[in-house]
Amino acid sequence: MKLIISAGGTGGHIFPGIAVAETFAAQGQGNQVAFIGTTYGLESKIIPQYGFRLLFVQARQFLGRSAVYKIATLFYILKGICTCIRIIKKEKPDAILGMGGFTSVPVIFAGAILGVPVFLHEQNAEPGLANKVLSKYAKATFISFEESGQLLKSKSVYYTGNPVRKAVKVPREAKNDETFGIFVFGGSRGAKSINESVLSLLPYMEGYKNAVIYHQTGAEDYTRLKEAYEKTKIRHEVFPFTDNMANYYNRSDVVISRAGASTIFELAYFRKAAILIPYPFSAGQHQWKNASHVENAGGGYIVGNDEASGERLHDVIKHLMNEPVLLKQMGENIGRLYVDDAQEKIIAKMQEEIAGKVK
């Protein structure tokens with residue numbers, strides 16, 4: 001079986017696609033995977049690192065732009081559809097899986113035009129515009145949060161959870177020391193506002209001898225933050241980027257992060273209580289809705305980007321330090337959001353749909 005996956009723009013679309021691709025390729029020697037993405041998105045760097053072919057198409061965002069930009073984008077979409085039709089005719093896939101975002105638009109439309117079975121995966125609690133539109137043409141859509149299914153128009157909607165890539169999904173390890181680990185990150189490139197918030201937190205943490213902060217800063221802020229930490233007595237590890245997220249999840253008691261879907265489900269896998277600072281400019285405020293789902297489940301606290309002062313973060317951290325039973329319960333609560341074998345479920349349902357076994 002041959003599968004084309006469209007995944008691009010952000011890691012939130014790309015990494016679940018890679019998780020599916022890794023599992024699909026491992027299921028049989030005859031299974032082949034190719035990705036379609038852009039030359040200018042993160043996919044152009046990330047996907048080849050995992051050993052998968054990446055074919056290119058022109059695509060760009062539609063939301064939040066001027067009327068002239070949107071009109072021009074329609075021409076981009078038409079051009080992209082033509083490019084994807086040529087790619088699909090050459091590749092002859094048995095199925096196409098779109099991971100959402102603007103990159104999926106020309107791919108899914110082209111697949112539907114050619115009669116290739118097309119499927120979607122929606123990572124967020126609030127579906128993006130692309131998936132809301134494209135779901136009408138998909139044989140099935142796979143969702144990470146149960147409530148998002150009612151906002152999609154696919155013939156079939158399956159609750160599968162969000163795939164977590166192999167590099168992250170290592171065995172969970174129980175902490176066996178007396179430290180209180182705080183893992184901070186804002187994504188692979190960092191988040192300047194989170195970095196600023198944590199800088200203002202540092203004076204409050206000076207008195208906690210057992211606290212250790214692990215902080216992924218992003219490349220741009222690394223030197224500045226490293227120097228700031230070194231002026232304190234706080235135990236810390238500061239790094240611009242890590243490809244061993246699992247190590248720091250396992251060493252942490254609480255995580256301070258954005259609220260993208262991949263992050264939420266990694267937290268759920270590792271059962272880590274979270275202080276979530278949603279990215280304020282996410283499309284449709286989907287990060288806030290993801291975070292609300294976690295908070296309502298009792299797995300974390302939301303701190304708005306504008307209110308994420310050192311004092312506010314310290315209040316939450318101090319509360320969790322003083323309530324170990326609550327901290328453990330929050331980890332168990334967020335853990336209930338995790339769905340085992342999400343990628344296997346997605347692959348199995350695609351195969352059943354193609355074979356016509358689903359009624």
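Computed from a predicted model, the values in this text were never measured in an experiment.
Of the residues listed (K289, Q285, H286), the one engaging E126 in a side chain to side chain donor-acceptor pair (under 3.5 Å) is K289, and it is the only one.
Ion pairing between R312 and E307 holds under the 4.0 Å rule for side-chain N and carboxylate O. The pair E91-R53 meets the salt-bridge criterion, with a side-chain N (NZ, NE, NH1 or NH2) lying under 4.0 Å from an Asp/Glu carboxylate O. Remark: R224 engages D221 in a salt bridge, criterion side-chain N to carboxylate O under 4.0 Å. Using a 4.0 Å cut-off between charged nitrogen and carboxylate oxygen, E323 and K318 do not count as a salt-bridge pair. Classification of K226 and E237 as a salt-bridged pair fails, no side-chain N sitting under 4.0 Å from a carboxylate O.
Under the rule for a side chain to side chain contact (heavy atoms under 4.5 Å, CB included), K209 has no partner lying at least two apart in sequence or in another chain.
Figure legend: cation-pi geometry between R172 and Y269, with NZ or CZ positioned under 6.0 Å from the six-membered ring centre and within 45° of its axis. F15 carries R165 over the face of its six-membered ring, with the cationic atom under 6.0 Å from the centre and within 45° of the normal.
Here the closest non-hydrogen pair linking A25 and N31 is CA-CB, 4.3 Å. The two residues G17 and I5 come nearest to each other via the heavy atoms O-CD1, 3.6 Å.
Ring planes of Y158 and F142: parallel class, angle under 30° (limits at 30 and 60°).
A donor-acceptor pair shorter than 3.5 Å can be found between the side chains of E266 and Y249. Between the side chains of H293 and E147, at least one donor N or O sits under 3.5 Å from an acceptor N or O.
Atom NZ of K89 sits in a sparse spot, with 12 or fewer heavy atoms from other residues, nucleotides or ligands closer than 6.0 Å.
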